[in-house]
Novice: 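First, the structure itself, so that you have it in front of you.
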Amino acid sequence: MSHIKSKIMNEFNDFATRIKNGDTVKRVLDIAPGHGKSQTLNDFLANELQNKDSNSAYLIVLREVSMLEEVEKIIKSKGLENIIYLDAKNTSNRIQIASQKRVLLITHKRFQDIVQSMETKHERNKNYLYHKSLNNAEIKRTIIIDELPQTFDGVFFEMNGDESNWVPKLIRELNLEARGKHEVDKVKLHMVKNITSILLMNEALSIKKSKTKKLSKRIRNTDWLNEMENFFKLIDEKIEIYPKSQEIKSYKAFKKMFYEDNIGIKLSSSNPMDIPTLFCVEKIKYHNLENSILILDATAKFHRAIYGQHYEISDPLNYHNYRRVTIHHRVISTSEGFSSKDNTQFNKNLEAIWNDIEKIQKKEYIFPIVKKKLIKPLLQRNLLGKEDEKLYLNAEDNIELPLNLFNLTGKNTLREKTACYIVSLPIKHINYYRMLALSVFDDTSNFDLSKKYNDPSLDIIKEQIEIPIETKEGRELNTVENNRRSSLVPNSISDSKRWFQNQQLNDLYENMLLSEIYQVIHRINIRELESTKPVNIYMSNNHLEFMKLVYDTLPKVNHHTQRLKNTNKVERRFDEIVSNISKAIEQNHCTLPLSMGRIIGHTDKTYLNRHWKNDDTRELIKTIFHQYNFRIDEDSQNSFKVIDFLNRDN
């Protein structure tokens with residue numbers, strides 16, 4: 001480990017030297033999780049503060065308040081006091097002296113707010129971005145950010161009947177419901193909500209170009225304009241003292257669209273069933289700061305499109321031994337769906353996953369990793385050890401934010417675990433990826449779903465049967481540069497399987513999902529570089545082709561594929577037929593290869609032949625045969641199916 005930390009320290013020192021020589025540097029260090037970058041950063045800061053000849057100053061940006069507290073505690077334990085952290089509770093007391101400290105620690109969220117408000121609050125931001133030395137000179141802080149910060153801020157308004165529901169929610173949040181001098185007339189509130197809906201809907205349906213025109217021109221010289229302006233005045237008096245919520249973000253975006261042109265974007269769609277949606281997206285341009293910036297990004301190889309030409313990116317530093325890792329892919333749909341029928345199927349599939357975890361835990365303890373909404377059913381099934389339950393709860397003695405599938409980056413709580421079960425892929429709302437793309441790409445001509453996906457409001461990919469992958473050893477990382485992709489990840493999912501029609505957007509989606517999975521996988525014992533313990537990672541999802549990309553990002557990883565029951569009626573029927581074929585071959589001592597019609601009856605043969613015509617179900621049929629150690633091929637000349645052993649040694 002010492003030589004790895006030495007390499008990272010050299011990177012820090014080289015970066016600092018360039019700045020001391022007068023350069024302004026924007027750089028990204030691609031350092032895999034578990035390589036000690038946080039500890040090395042602490043050592044680097046201590047060295048800088050101990051150097052009496054140095055007048056350098058730093059702004060350190062970390063994900064959570066608990067991390068700020070920890071770094072300040074570590075540095076002060078070395079007898080160094082020239083450091084301070086700011087959070088929501090102590091800012092009013094500490095902000096005035098913050099500029100006097102050489103090292104200032106803040107969260108990602110605060111840093112994002114600073115950059116977004118640079119134009120309007122520049123003087124206050126100097127307390128963060130500049131250090132005031134003993135002789136009152138202002139020194140630009142060098143900014144070091146642990147992990148990629150949020151690179152865009154945005155909201156979207158879907159014309160689905162809920163486009164103005166944020167109005168009454170905002171009134172409740174700001175405590176303006178029928179009290180004091182700000183008493184809100186319910187009739188007028190209802191009117192404002194309706195006017196908001198009409199304006200948004202009208203613009204979304206009539207807009208010819210991609211950018212919106214100011215909404216206020218539609219109600220000039222009407223009482224509606226007065227009502228809206230009174231509403232804005234009422235909200236603006238209260239809004240600044242409240243933390244930025246989704247409702248406040250929606251309000252600010254709507255108000256901006258109300259008074260200005262070219263704020264909202266309507267993405268073109270060739271699908272008449274798509275719900276018209278207006279997007280308001282602001283790119284957060286950290287690179288525009290005059291300060292030098294160093295980002296410590298464990299997944300930088302997936303983020304190259306986001307960094308663009310604004311940052312230097314180091315070569316990946318990764319000493320993990322993936323040979324000790326086995327990924328067990330459980331093929332089962334984890335889509336929740338929208339109909340009662342879909343939800344019934346989801347509950348059946350979830351039950352199959354819980355049963356699978358229970359079965360595995362009879363042999364070894366595995367830590368289930370779930371989304372927020374599955375924490376309660378997970379706890380009800382008693383699938384966690386008592387000591388681990390608090391990791392998912394907001395317990396008083398839990399100084400870190402509770403875990404969930406989307407909140408694991410940078411956390412080390414699971415580093416001793418040698419097995420985990422990732423219950424679903426960390427896929428975000430479809431419009432998250434569209435907004436990210438709007439902040440990254442100039443071409444927004446087609447952000448439609450692929451033709452096989454027809455519901456634009458999905459909050460998770462609607463799982464489909466996809467191309468299978470056979471059980472085998474992992475392959476070497478594919479480092480061949482692909483001109484279509486601005487990263488080191490393997491070639492993207494084939495055109496017929498991708499989520500979005502737009503290739504750039506789909507590549508961005510795949511990279512962001514790979515980044516999330518990469519971070520989750522490296523939370524457990526993999527991150528212990530000197531450990532030789534076997535590590536087992538179970539992943540339940542129905543995205544077989546995407547899993548190929550996961551394996552290709554982990555050189556030499558072992559992986560196995562197994563289908564869980566309770567997927568759907570068609571798959572269960574396939575399984576039943578192949579199971580019968582297996583029994584018939586054994587009982588009748590069949591000599592393979594043999595035509596399918598010589599083994600099974602007419603009904604089963606007809607069922608398989610009918611589904612063989614579809615590309616997706618044909619691949620599923622092959623997968624199920626593989627799981628029974630058989631393969632099925634079509635004799636192209638005679639158009640009949642031939643069954644043989646998967647491995648001829650049998």
Side-chain angles (χ1 to χ4, degrees), residues 2-29 31 35-62 67-86 90 94-108 110-111 114-115 122 124-147 149 286-297 311-314 317:
S2 59
H3 74 284
I4 300 173
K5 291 180 181 176
S6 177
K7 281 191 174 186
I8 300 172
M9 183 64 82
N10 288 339
E11 292 278 5
F12 284 142
N13 289 332
D14 290 345
F15 174 73
T17 299
R18 289 174 63 184
I19 294 165
K20 289 169 185 175
N21 290 337
D23 294 339
T24 299
V25 186
K26 316 287 186 186
R27 183 160 172 74
V28 178
L29 294 187
I31 304 169
H35 283 51
K37 61 182 171 62
S38 297
Q39 185 179 335
T40 309
L41 173 60
N42 293 338
D43 293 341
F44 170 77
L45 294 175
N47 293 342
E48 287 291 291
L49 292 180
Q50 286 168 344
N51 185 354
K52 303 296 183 184
D53 297 327
S54 174
N55 65 349
S56 56
Y58 294 90
L59 175 65
I60 309 300
V61 184
L62 308 176
M67 298 173 181
L68 309 181
E69 294 174 342
E70 183 182 4
V71 173
E72 184 186 82
K73 183 179 178 181
I74 289 171
I75 300 299
K76 286 189 172 181
S77 70
K78 301 176 185 289
L80 303 167
E81 295 292 328
N82 214 334
I83 183 171
I84 193 171
Y85 80 86
L86 298 179
N90 68 23
R94 292 186 168 195
I95 187 64
Q96 296 306 320
I97 62 170
S99 63
Q100 300 165 25
K101 300 291 185 179
R102 283 181 59 197
V103 176
L104 172 59
L105 302 144
I106 62 174
T107 61
H108 276 218
R110 184 177 293 269
F111 184 52
I114 291 167
V115 176
H122 186 67
R124 182 175 181 181
N125 289 335
K126 278 192 173 182
N127 289 325
Y128 298 101
L129 300 175
Y130 290 82
H131 163 57
K132 193 168 286 187
S133 66
L134 293 175
N135 61 4
N136 246 12
E138 283 188 343
I139 300 169
K140 257 188 298 189
R141 293 187 186 276
T142 295
I143 301 170
I144 300 179
I145 309 171
D146 190 18
E147 303 296 350
Y286 303 104
H287 59 270
N288 281 352
L289 293 174
E290 297 175 352
N291 310 61
S292 290
I293 298 175
L294 181 66
I295 301 178
L296 313 177
D297 185 355
Y311 296 86
E312 308 167 5
I313 302 179
S314 70
L317 184 65

Novice: What's the spacing between Asn47 CG and Asn42 CG if we round to 0.5 Å?
Specialist: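 Nearest 0.5 Å value for the CG-CG distance: 11.0 Å.
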
Novice: With salt bridge (Lys or Arg N to Asp or Glu O under 4.0 Å) as the rule and sequence neighbours excluded, what pairs involving residues 137-146 come up?
Specialist: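 Non-adjacent pairs meeting salt bridge (Lys or Arg N to Asp or Glu O under 4.0 Å): Lys37-Asp146, Lys126-Glu138.
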
Novice: Counting C-beta onward and ignoring hydrogens, is there a side-chain heavy-atom pair between Asp297 and Glu147 closer than 4.5 Å?
Specialist: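 They are in contact (side-chain heavy atoms under 4.5 Å apart), so the answer is yes.
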
Novice: Assess whether side-chain contact (heavy atoms from CB on, under 4.5 Å) is satisfied between Leu29 and Phe15, documenting all intermediate values.
Specialist: CA-CA 10 Å; Leu29 294 187; Phe15 174 73; over 6 Å; no

Novice: Are Lys101 and Glu72 close enough, and set up right, to give a salt bridge (Lys or Arg N to Asp or Glu O under 4.0 Å), and what steps lead you there?
Specialist: CA-CA 12 Å; Lys101 300 291 185 179; Glu72 184 186 82; over 6 Å; no

Novice: How close do His131 and Ala57 get, counting heavy atoms only, and between which atoms?
Specialist: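 Distance-wise, the nearest heavy atoms are CB-CB, 3.4 Å.
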
Novice: Say whether, by atom type as modelled, one donor and one acceptor occur between the side chain of Asn21 and the main chain of Thr17 under 3.5 angstrom.
Specialist: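 Looks like yes, one N/O pair under 3.5 Å.
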
Novice: If you look at every heavy atom in Ile84 and Ala98, which pair is closest and at what distance?
Specialist: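 Smallest heavy-atom distance, with atoms named: CG2-CA, 4.2 Å.
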
Novice: Check step by step if side-chain contact (heavy atoms from CB on, under 4.5 Å) holds for Leu49 and Tyr58.
Specialist: CA-CA 10 Å; Leu49 292 180; Tyr58 294 90; over 6 Å; no

Novice: For Leu317 and Ile4, which heavy atoms make the closest approach, and how far apart are they?
Specialist: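 Looking at all heavy atoms of both residues, the closest pair is CD2-CG2, 4.3 Å.
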
Novice: Would one find more than 12 heavy atoms of other residues, nucleotides or ligands at under 6.0 Å from atom NZ of Lys5?
Specialist: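 More than 12 heavy atoms, drawn from other residues, nucleotides or ligands, come within 6.0 Å of this atom.
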
Novice: Hey, mind stepping through Phe44 and Glu11 against side-chain contact (heavy atoms from CB on, under 4.5 Å) and telling me if it holds?
Specialist: CA-CA 10 Å; Phe44 170 77; Glu11 292 278 5; over 6 Å; no

Novice: Would you check if the side chain of Asn135 reaches a backbone N or O of Ala137 as a donor-acceptor pair within less than 3.5 Å?
Specialist: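 Pair found, side chain donor or acceptor close to backbone of Ala137.
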
Novice: Could you go step by step and tell me if Ile106 and Ile114 meet the side-chain contact (heavy atoms from CB on, under 4.5 Å) rule?
Specialist: CA-CA 11 Å; Ile106 62 174; Ile114 291 167; 3.7 Å; yes

Novice: Which side-chain N or O atoms in residues 76-83 pair as donor and acceptor under 3.5 Å with protein atoms at least two apart or in another chain?
Specialist:
unit_1, atom_1, unit_2, atom_2, d
Ser77, OG, Ile74, O, 2.5
Asn82, OD1, Arg102, N, 2.9

Novice: Lys26 side chain to Asn291 main-chain N or O, any donor-acceptor pair under 3.5 Å?
Specialist: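 Yes, Lys26 side chain to Asn291 backbone: donor-acceptor pair under 3.5 Å.
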
Novice: Hey, can you tell me if Tyr286 and Phe111 have their rings parallel, tilted or perpendicular (30° and 60° cut-offs)?
Specialist: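 Parallel: the ring planes of Tyr286 and Phe111 meet at under 30°.
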
Novice: Say you draw a straight line from CD1 of Ile145 to NE2 of His108; how long is it, rounded to the nearest 0.5 Å?
Specialist: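 Taking CD1 in Ile145 and NE2 in His108, the distance rounds to 6.5 Å.
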
Novice: When rounded to the nearest 0.5 angstrom, what distance separates CD in Gln50 from CG in Asp43?
Specialist: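 The CG atom of Asp43 is 9.5 Å from CD of Gln50, to the nearest 0.5 Å.
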
Novice: Mind checking whether Leu68 and Leu86 have side chains closer than 4.5 Å, heavy atoms only?
Specialist: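 They are not in side-chain contact.
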
Novice: Under a 4.5 Å cut-off applied to non-hydrogen side-chain atoms, are Ile60 and Leu45 in contact?
Specialist: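 A side-chain contact under 4.5 Å exists here.
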
Novice: Report the residues that fulfil ring pair (Phe, Tyr, Trp, His ring centres under 6.0 Å) with Tyr128, sequence neighbours left out, ordered by chain and then residue number.
Specialist: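 Testing Tyr128 for ring pair (Phe, Tyr, Trp, His ring centres under 6.0 Å), a comparison that skips the adjacent residues, returns none.
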
Novice: Which pair of non-hydrogen atoms, one from Asn55 and one from Ile139, has the smallest distance, and what is that distance?
Specialist: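 For Asn55 versus Ile139, the nearest heavy atoms are O-CD1, 3.4 Å.
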
Novice: Within this structure, what is the CG-CZ distance for the pair Leu294 and Phe12, rounded to the nearest 0.5 Å?
Specialist: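 Answer rounded to 0.5 Å: 6.0 Å.
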
Novice: Measuring from Ile143:CD1 to Leu289:CG, what's the distance to the nearest 0.5 Å?
Specialist: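 Taking CD1 in Ile143 and CG in Leu289, the distance rounds to 5.0 Å.
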
Novice: Can you confirm whether Lys20 is buried at NZ, in the sense that more than 12 heavy atoms of other residues, nucleotides or ligands lie under 6.0 Å from that atom?
Specialist: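 Result for NZ/Lys20: enclosed.
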
Novice: If you take all heavy atoms of Pro149 and Ile295, which pair is closest and at what distance?
Specialist: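 Distance-wise, the nearest heavy atoms are CD-CD1, 4.4 Å.
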
